[in-house]
Amino acid sequence: MPARTALARIGDVAADDVLPFMGRLWGGARRSVDELAVRVLGSDFEERARLLQARYAEAGGDPFGLDLETAKYAVMTCAFFHRLWFRAEVRGLENVPQGRVLLIANHSGQIPIDGAMIGTSLFLDLEPPRVIRAMVEKWSQTLPFVSTFFSRVGQVVGVPENARRLLEMGEALLVFPEGTRGISKPFTQRYQLQEFGTGFMRLAIETNTPIVPVAVVGAEEQYVNLGNLKWAARALRMPVFPVIPQVFVPFGQMPLPTKYLIHFGEPLHVQGDADEDDAVMEEKVHLVKQTIQSMINRGLKQRTSLFF
Amino acid sequence: MAKKAVQKAATPARRASDAGRAARIEGGAVVVTGICGRLGRRLARQLHRERPVIGLDRREFVGKPKDIEHHSIDVRRKKARELFRRPDIAALIHLGVMHDPRLGAEEHHTWNVIAFQKLLEYVERYQIPKLVLLSSANVYGPRPDNPQFISEDAPLLGANRFSDIRDLIELDMLAQSFFWRNPGTETVILRPAHILGTVQNAPSNYLRLKVVPTLLGFDPMMQVVHQDDVVRAVRLALRPGVRGIFNIAGPPPVALSRAVKLLGRPTLPIPHAVARAGVERLWRWHMTSFPAPELDFIRYVCMVDDRRAREVLGYGPKFDLGSTLRAVDEERWV
């Protein structure tokens with residue numbers, strides 16, 4: 001029965017040569033993945049995750065549904081972009097205080113990668129690590145999986161009550177006062193701050209929270225937006241409809257690997273009355289806006305190349 | 001809103017009448033409507049050791065303790081009014097809110113709203129010093145744009161997506177307007193989160209299912225509260241001087257999937273569109289007691305901020321998460 005002997009021979013070869021070889025290959029692959037993981041995540045990543053988990057468990061669990069087992073994997077993905085794709089340079093992390101804090105940042109880049117990168121910095125680089133809490137659109141709650149994912153990684157529905165409660169819990173809250181105006185602006189307006197909302201200032205005064213201005217340089221160029229089509233946005237009921245030619249090129253859907261610079265400024269302690277007139281609020285907001293704009297300008301001046 | 005009322009009650013001119021009212025509430029007889037329900041009987045068993053308890057329910061009180069006086073009459077009957085005329089009556093606890101989705105909206109309205117209006121009329125006429133209404137956190141309604149914790153002054157939007165519960169909201173509103181119109185009566189509205197235990201309500205029935213269906217991709221945070229914690233909150237509400245609206249919550253919130261896992265039940269995730277169509281059909285064929293709009297409760301958050309209850313009422317849950325959840329499987333003793 002030649003067929004059987006042939007089969008037996010294949011079996012022998014498999015057992016003697018192929019399997020150990022595959023085993024070595026597998027072991028090597030695992031080792032290099034481990035090495036890469038240490039390079040990307042740092043050697044104390046697991047320890048950081050455990051530390052945070054213990055901190056939230058001590059408080060009786062996070063009432064907003066943050067689950068560090070899930071958040072850990074999200075951070076791993078973001079860490080790849082933070083360390084290897086954008087090679088983010090982080091400055092001024094020592095300015096982030098321990099307790100409650102409002103991080104006010106410029107918003108850019110068509111999709112909110114900037115927020116994820118700021119969050120990754122706080123998780124991987126800050127001592128002790130922190131989880132960034134940001135606010136998401138209300139309609140995201142109606143989407144299956146998306147709503148659960150956001151809540152597991154610590155993002156909450158964007159209503160003032162939630163912001164206040166997070167600050168009372170002593171969390172780090174990330175706010176983009178420009179909102180959609182900032183993130184989807186065309187390439188011609190890059191690094192020009194759009195109009196700021198005043199809600200964050202009232203919140204900061206009311207809860208007596210320090211404001212840390214954050215400037216992100218490099219996110220503007222990750223997707224080149226040539227302009228917004230108003231009629232298409234209206235037809236599709238989207239807030240904006242950006243024209244991004246690169247998405248039609250193969251692999252162009254990924255953001256361009258620009259070099260990120262994330263700069264945390266010195267904390268501002270704002271005094272005053274939270275029920276003050278809008279005009280008074282705008283003055284205080286303008287101060288924060290100016291600070292961020294000058295941090296951006298400084299970053300742009302120091303930048304020698306878009307990609308290095 | 002209720003905070004202002006507390007301040008108002010503290011002005012010197014009213015203090016004398018406050019003292020009189022406090023003396024009247026302390027140890028006086030309590031009328032409990034809906035006493036024959038599972039929660040009502042639990043409350044009665046605890047309350048009758050401290051003060052006289054009078055039951056008012058259309059049903060018969062099975063296994064009634066000897067010292068409880070029970071009247072199997074309709075609230076709207078004249079005999080019920082006679083009852084409130086008695087001078088020893090110190091409080092009315094209204095637990096007799098009917099919520100049986102199978103009965104139509106009209107039936108609900110006539111029973112819930114008309115009966116409660118009658119009761120309010122008696123309380124006003126005979127100057128009963130205390131009124132406690134057991135409303136529900138469901139009056140806020142599960143919505144995608146809810147804050148994680150809803151406070152007492154939030155609008156009651158529960159009927160926007162689930163119109164069959166508008167009578168429950170109307171009831172709550174009636175009690176609120178009564179609160180403002182009649183400062184002589186201490187009105188307390190309790191809005192507990194999902195009550196779990198031997199009670200026959202939607203959340204307990206849902207968790208008692210052999211396989212718990214969930215919505216694929218949705219896993220909202222939930223608040224549950226043990227039935228005996230609710231009973232305790234009602235007893236705390238009877239203390240003289242307590243008035244206003246109180247959200248009642250149990251142990252810290254938990255994700256739905258984790259709650260089901262703690263109970264050791266398997267889950268069956270179903271896409272929302274399929275679940276909705278399926279439940280609608282089952283409902284039409286009388287094969288389920290869950291109306292389709294109730295699916296929102298396992299889709300969006302509807303949690304309450306119970307800080308006011310902790311500070312003013314002095315309430316805190318005694319049961320932890322595990323024992324609160326396991327209460328749905330407890331032996332039902334009737």
Side-chain angles (χ1 to χ4, degrees), chain A residues 53-71 73-74 131 133-171 173 175 179 199 202-203 206-207 237, chain B residues 140-155 157 161 193 214-224 247 249-259 261-262 267 269-276 295-296 298-307 316-317 320-322:
Chain A
Q53 195 157 24
R55 195 186 304 161
Y56 283 104
E58 200 181 310
D62 178 68
F64 290 89
L66 167 68
D67 174 31
L68 274 151
E69 281 301 314
T70 313
Y73 292 103
V131 175
R133 313 300 295 255
M135 315 222 114
V136 295
E137 269 286 345
K138 288 163 194 163
W139 60 259
S140 69
Q141 294 303 301
T142 63
L143 308 172
F145 301 106
V146 176
S147 60
T148 310
F149 173 75
F150 276 152
S151 120
R152 292 297 167 269
V153 299
Q155 311 307 297
V156 305
V157 181
V159 292
E161 291 93 332
N162 285 350
R164 206 164 296 131
R165 184 170 278 262
L166 281 171
L167 290 178
E168 280 167 13
M169 282 162 58
E171 295 281 328
L173 184 61
V175 177
R202 290 186 195 280
L203 190 67
E206 205 177 305
T207 56
R237 290 160 188 249
Chain B
Y140 303 115
R143 295 160 56 80
D145 49 356
N146 266 349
Q148 198 77 356
F149 296 96
I150 305 170
S151 63
E152 283 88 353
D153 48 10
L157 303 172
R161 298 169 74 106
T214 58
L215 295 177
L216 185 67
F218 290 100
D219 191 13
M221 298 296 282
M222 302 243 156
Q223 273 171 334
V224 291
N247 289 332
V254 59
L256 173 62
S257 61
R258 205 177 119 66
K261 198 182 273 175
L262 280 173
T267 56
I270 306 169
H272 178 251
V274 176
R276 194 174 171 96
L295 285 175
D296 276 353
I298 53 172
R299 192 174 183 208
Y300 303 129
V301 283
C302 179
M303 299 204 294
V304 293
D305 183 347
D306 67 339
R307 273 184 277 197
D320 64 4
L321 185 62

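The figures here come from the full heavy-atom set of this structure, side chains too, leaving out hydrogens, waters and symmetry mates. Quick note on labels: first sequence line is chain A, next is B, and so on, each numbered from 1.
In this structure, the portion of A:Ser147 lying under 4.5 Å from any heavy atom of chain B is its side chain and not its backbone. Using a 4.5 Å cut-off between heavy atoms, B:Tyr300 touches chain A through its side chain atoms alone. No part of A:Val156 comes within reach of chain B, as not one of its non-hydrogen atoms sits under 4.5 angstrom from that chain.
B:Leu216 has its side chain out of reach of A:Pro144: every pair of non-hydrogen atoms, C-beta onward, lies at least 4.5 Å apart.
Note that CD of B:Gln148 and CG of A:Asp62 are 8.0 Å apart. Values are rounded to the nearest 0.5 Å.
In this structure, B:Asp219 and A:Thr148 approach most closely via the heavy-atom pair N-OG1, 3.4 Å. Across all their heavy atoms, A:Pro63 and B:Met303 have their closest contact at O-CE, 3.8 Å. In plain terms, the two heavy atoms of B:Ala255 and A:Arg152 that are nearest each other are CB-NH2, 3.4 Å.
Atom CZ of B:Arg258 has 12 or fewer heavy atoms from other residues, nucleotides or ligands within 6.0 Å.
Between B:Asp305 and A:Arg165, at least one side-chain nitrogen of the basic residue sits less than 4.0 Å from a carboxylate oxygen of the acidic one, meeting the salt-bridge criterion.
Ranked by non-hydrogen atom pairs under 4.5 Å with chain A, the options B:Arg143, B:Arg299, B:Met221 are led by B:Met221. Most heavy-atom pairs under 4.5 Å with chain B, from the set A:Thr142, A:Val157, A:Val159: that is A:Thr142.
The interface of residues 133-141 of chain A with chain B, defined by heavy-atom distances below 4.5 Å, comprises A:Lys138, A:Gln141.
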